Amino acid sequence: MPSESAPTPAWTVLGRADSEADAPVVRDHRVTVVDLGPDGEEIGRTTLAEAALPDLVRDREGGAGPGASPPRWVVSDTPKWYPVLLASGVRIDRAHDLRLAHAILARSSLVTDRSALTAADEWDAGPVTAPAVGQAETLFDVAGGRGHVKEVPHGIAAALAEFARQQAAVGTASDPGRLRLLLAAESAGGLVAAEMHAAGVPWDVAEHERILADLLGPRPAAGAKPAKMLAAAEEVRTALDDPNVSLDSPTRLLPALRNAGINVSSTSKWELAESTHPAIEPLLRYKKMARLLSANGWHWLAEWVAEGRYRPVYVPGGVVTGRWAASGGGALQIPRQLRPALRADDGWTLISADVAQLEPRALAAMSGDRAMAEAGSGRDLYSGLVDEGIVATRQEAKIAVLGAMYGSTTGEAGRLVPRLRQSFPAAMRLVDTAAEEGRRGGVVTTWLGRTSPEPGEGWRRVQSRADQIDATPHDENRARRAAGDWGRFTRNFVVQGTAAEWALAWLADLRLRLAQLPEIEGSPATASGPAFSRRAHLVFFLHDEVIVHAPEAHAEAAADAIREAAASAGRLLFSGAPVDFPLDLTIGERAAAK
DNA sequence: AGATATTCCATG
DNA sequence: GGAACATGGAATATCT
């Protein structure tokens, strides 16, 4: 440990003590803590029992004197290290997650020499599957989750070597500042993900059950279907004059529909909705109920909500574009019908905020398209297109803008997108160029430096077959289609990926601002865990929206933090660009329907 | 029987 | 013959 005269470390690397990295499972593991100076030189090292780690981290985070800032903690994989700290009530300000950083740097086109990173492919691994809350009392005894997912190395020597490789790679980058920003934001995302899992979404089981009873009928016996579903099913069978058909099996339902004269090629709802047959209305009603029951019914409640908290596992960087993935209870698909079940603890309130039209704004900012920025300035971007006479209605504006970002070429979008090309040439040039690069099999890169994957072997085979002398029209069509698909992917990648970077910067800034808010007096929100029960904290994040659980007395301060963080994210990524990122923010009541 | 694919629908 | 991006998850269908 550094003495008082030692320089303040810029980074502090955590790793399992190497003497036991390959040792069989023993109790009382040891952790080595290495302090690095601003140039990466080692300035201190200590080894301690795993159980002593939370106290050391707490000291370094909070005990640093005035003027001294806590280090940026360098860890192999945040879900390996952070849950035990959180369980001890210790949160950290800043981190560098080696696994997440490796995934970015080993692919980023901004890095001039990636060879050392690509050679270190032991760092090309998935995240540790977090142990259940309450079972995270040790770092190394828990033999991982289910399955045999490869983990990154956790030893101190491996961590130091990888960190050095990463620093060197960033140093060679054409724009190191952007990459550093991305790595800091990505790592902060790792911290937020662990924190939100530990805190949990406050969930009102009684309200959820009330919604279920309202929409489906009383809770049925195990295995039985709710009364309202049974009734709707009977209506369908009567209308089809087919007393036994199963509504749950598309392969059996489809011929039954056709026998009744309903000419459809699938049982999906948008196709069914075109028919006026009397069986359609109850069938759509049935399907909606079936979906609610299987995805978020009583079974979901029992499995995913405990002690008033829903705790999904968030997976930062889980999507190639940089968006988060999630697993456990379908956190990315919580239906809006159930939003009323998100309910603050007594004396607390929920604040939800989402960014209006994040992706087109990110596109306007990164492309420097002043006209597009102007269309969204201080107002709904879609209405801006109408005001400026580019399209006639808000609905048309939405179709045109989404079509431009997704690469639509047919139908209404095909008709409207060209108008955007005329009005917003810079923005359209950016996405058109990205699409062209993808069609050629190249890669594209987001604003901060996340690079798209290269197309797979199968894609290349299809392309080269179409170039053979004996290629058939079928081969050529297939190649053209695959090229178009990949072009739409890269077109969207730069926009979705840059929007994800803005959202990460927002989150990263927000969590630090929230940590500055005061703690409450009186009884804490105990279900949220020791690190969050006394202060406003993030409980939910989904691409462009956040929900904060805050003591009522601090609700306005937390709302300000959310707004300030959004403004700060815009400046941090696009300083100087005349693009704003307005929020729809609601305190207390349910989030406004989108 | 168990693994894998398909269909459908929920989210941004 | 295709068609507008990124997901997760349940239920059913199909393959081995």
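Below, read A as the first sequence line, B as the second, and so on, with proteins coming before strands; counting in each chain starts at 1. Since this is a predicted model, take the numbers as computed values, not measurements.
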Which residues in residues 390-417 of chain A have at least one heavy atom lying under 4.0 Å from any atom of DNA chain C?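 Within this stretch, A:Tyr406, A:Gly407, A:Ser408, A:Thr409, A:Thr410 sit under 4.0 Å of the strand.
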Within residues 476-497 of chain A, the residues having a heavy atom closer than 4.0 Å to DNA chain C are A:Arg481, A:Asp485, A:Arg488, A:Phe489, A:Asn492, A:Gln496
Quiz: residues 422-438 of chain A side-chain donor-acceptor pairs under 3.5 angstrom, not counting sequence neighbours:
from     : atom 1 : to       : atom 2 : distance (Å)
A:Ser423 : OG     : A:Arg419 : O      : 3.3
A:Asp432 : OD1    : A:Arg421 : NH2    : 3.2
A:Asp432 : OD1    : A:Arg491 : NH1    : 3.2
A:Asp432 : OD1    : A:Arg491 : NH2    : 3.0
A:Asp432 : OD2    : A:Arg421 : NE     : 2.9
A:Asp432 : OD2    : A:Arg421 : NH2    : 3.3
A:Thr433 : OG1    : A:Arg429 : O      : 2.7
A:Glu436 : OE1    : A:Arg439 : NE     : 3.3
A:Glu436 : OE1    : A:Arg439 : NH2    : 2.7
A:Glu437 : OE1    : A:Arg440 : NH2    : 2.7

Quick check: do A:Phe540 and A:Val546 have side-chain heavy atoms less than 4.5 Å from each other?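 Side chain of A:Phe540 against side chain of A:Val546, heavy atoms only: no contact under 4.5 Å found.
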Could you tell me if the side chain of A:Gln337 sits less than 4.5 Å from the side chain of A:Asn296, heavy atoms only? no
Look at the side-chain N and O atoms of [X] and state whether any lies under 4.0 Å from the OP1 or OP2 oxygen of [N].
{"X": "A:Lys287", "N": "B:dC9", "answer": "yes"}
{"X": "A:Lys269", "N": "B:dA10", "answer": "yes"}
{"X": "A:Thr267", "N": "B:dC8", "answer": "yes"}

Hey, are A:Thr498 and A:Thr446 close enough side-chain-wise for a donor-acceptor pair under 3.5 Å?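 A:Thr498 and A:Thr446 do not have a side-chain donor-acceptor pair below 3.5 Å.
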Distance only, no hydrogens: is a donor on one side chain within 3.5 Å (strictly under) of an acceptor on the other, for A:Glu271 and A:Ser265? yes
Using atom [atom1] of [X] as one end and atom [atom2] of [N] as the other, report the distance to the nearest whole Å.
{"X": "A:Glu545", "N": "B:dT11", "atom1": "CD", "atom2": "P", "result": "11 Å"}
{"X": "A:Asn296", "N": "C:dG8", "atom1": "CG", "atom2": "P", "result": "16 Å"}
{"X": "A:Phe541", "N": "B:dG12", "atom1": "CZ", "atom2": "P", "result": "13 Å"}
{"X": "A:Leu247", "N": "B:dT7", "atom1": "CG", "atom2": "C1'", "result": "16 Å"}
{"X": "A:Leu542", "N": "B:dG12", "atom1": "CG", "atom2": "P", "result": "6 Å"}
{"X": "A:Arg323", "N": "B:dT11", "atom1": "CZ", "atom2": "C1'", "result": "9 Å"}
{"X": "A:Leu292", "N": "C:dG8", "atom1": "CG", "atom2": "P", "result": "21 Å"}
{"X": "A:Leu272", "N": "B:dT7", "atom1": "CG", "atom2": "C1'", "result": "13 Å"}

When you compare B:dT7 with C:dA3, how far apart are their P atoms, in angstrom units rounded to a whole number?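 My reading of the P atoms in B:dT7 and C:dA3 gives 16 Å.
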Expressed as a whole number of Å, how far does the P atom of C:dG2 sit from that of B:dT6?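 Here C:dG2 and B:dT6 have their P atoms 15 Å from each other.
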I'd like to know if [X] pairs up with [Y] as an ion pair, taking the criterion as any Lys NZ or Arg NE/NH1/NH2 lying under 4.0 Å from an Asp or Glu carboxylate oxygen.
{"X": "A:Arg99", "Y": "A:Asp77", "answer": "yes"}
{"X": "A:Arg460", "Y": "A:Glu457", "answer": "no"}
{"X": "A:Asp124", "Y": "A:Arg107", "answer": "yes"}
{"X": "A:Glu396", "Y": "A:Arg415", "answer": "yes"}

List the atom pairs, donor and acceptor, that lie under 3.5 Å between side-chain atoms in residues 401-409 of chain A and the rest of the protein, sequence neighbours left out.
none

Can you list, in residue-number order, the parts of residues 432-464 of chain A that come under 4.0 Å of DNA chain B, counting heavy atoms only? none
Would you say the side-chain atoms of [X] pair up with the backbone N or O of [Y], donor to acceptor, closer than 3.5 Å?
{"X": "A:Arg178", "Y": "A:Trp447", "answer": "yes"}
{"X": "A:Glu359", "Y": "A:Gln496", "answer": "no"}
{"X": "A:Asp584", "Y": "A:Ala356", "answer": "no"}
{"X": "A:Ser452", "Y": "A:Val444", "answer": "yes"}

Apply the side-chain contact (heavy atoms from CB on, under 4.5 Å) test between A:Ile399 and each candidate in A:Leu416, A:Val391, A:Thr393; give the one that qualifies.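 It is A:Leu416, the one option of A:Leu416, A:Val391, A:Thr393 that forms the side-chain contact (heavy atoms from CB on, under 4.5 Å) with A:Ile399.
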Go ahead and write out DNA chain C as dot-bracket, 5' to 3': ( ) for pairs within the strand, [ ] for ones crossing earlier pairs, | when the partner sits on another strand, dots for unpaired; Watson-Crick or G-U wobble, both distances under 3.5 Å. ....||||||||||||
With sequence neighbours excluded, give me every salt bridge (Lys or Arg N to Asp or Glu O under 4.0 Å) pair touching residues 213-232 of chain A. A:Lys225-A:Asp248
Name all residues meeting the ring pair (Phe, Tyr, Trp, His ring centres under 6.0 Å) criterion together with A:Trp502; count only those two or more places apart in sequence or in a different chain, and write none if there are none.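 Applying ring pair (Phe, Tyr, Trp, His ring centres under 6.0 Å) to A:Trp502 gives A:Trp506, A:Phe581.
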Distances for protein N or O near nucleotides 3-5 of chain B N or O, under 3.5 Å:
none

Reckon A:Leu358 touches a base, only the sugar-phosphate, or nothing at all at heavy-atom distances under 4.0 Å?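 No contact.
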For each nucleotide in nucleotides 9-16 of chain C, reading 5' to 3', give B when a protein heavy atom comes within less than 4.0 Å of its base, S when such contact involves only the sugar-phosphate, and - otherwise. BSSSS---
Among all residues two or more places apart in sequence or in another chain, which pass the salt bridge (charged side-chain N to carboxylate O under 4.0 Å, His left out) test with A:Arg285? A:Glu235, A:Glu281
Hey, could you give me each pair passing ring-ring contact (aromatic ring centres under 6.0 Å, His included) that has a residue in residues 247-285 of chain A? Not counting sequence neighbours. none
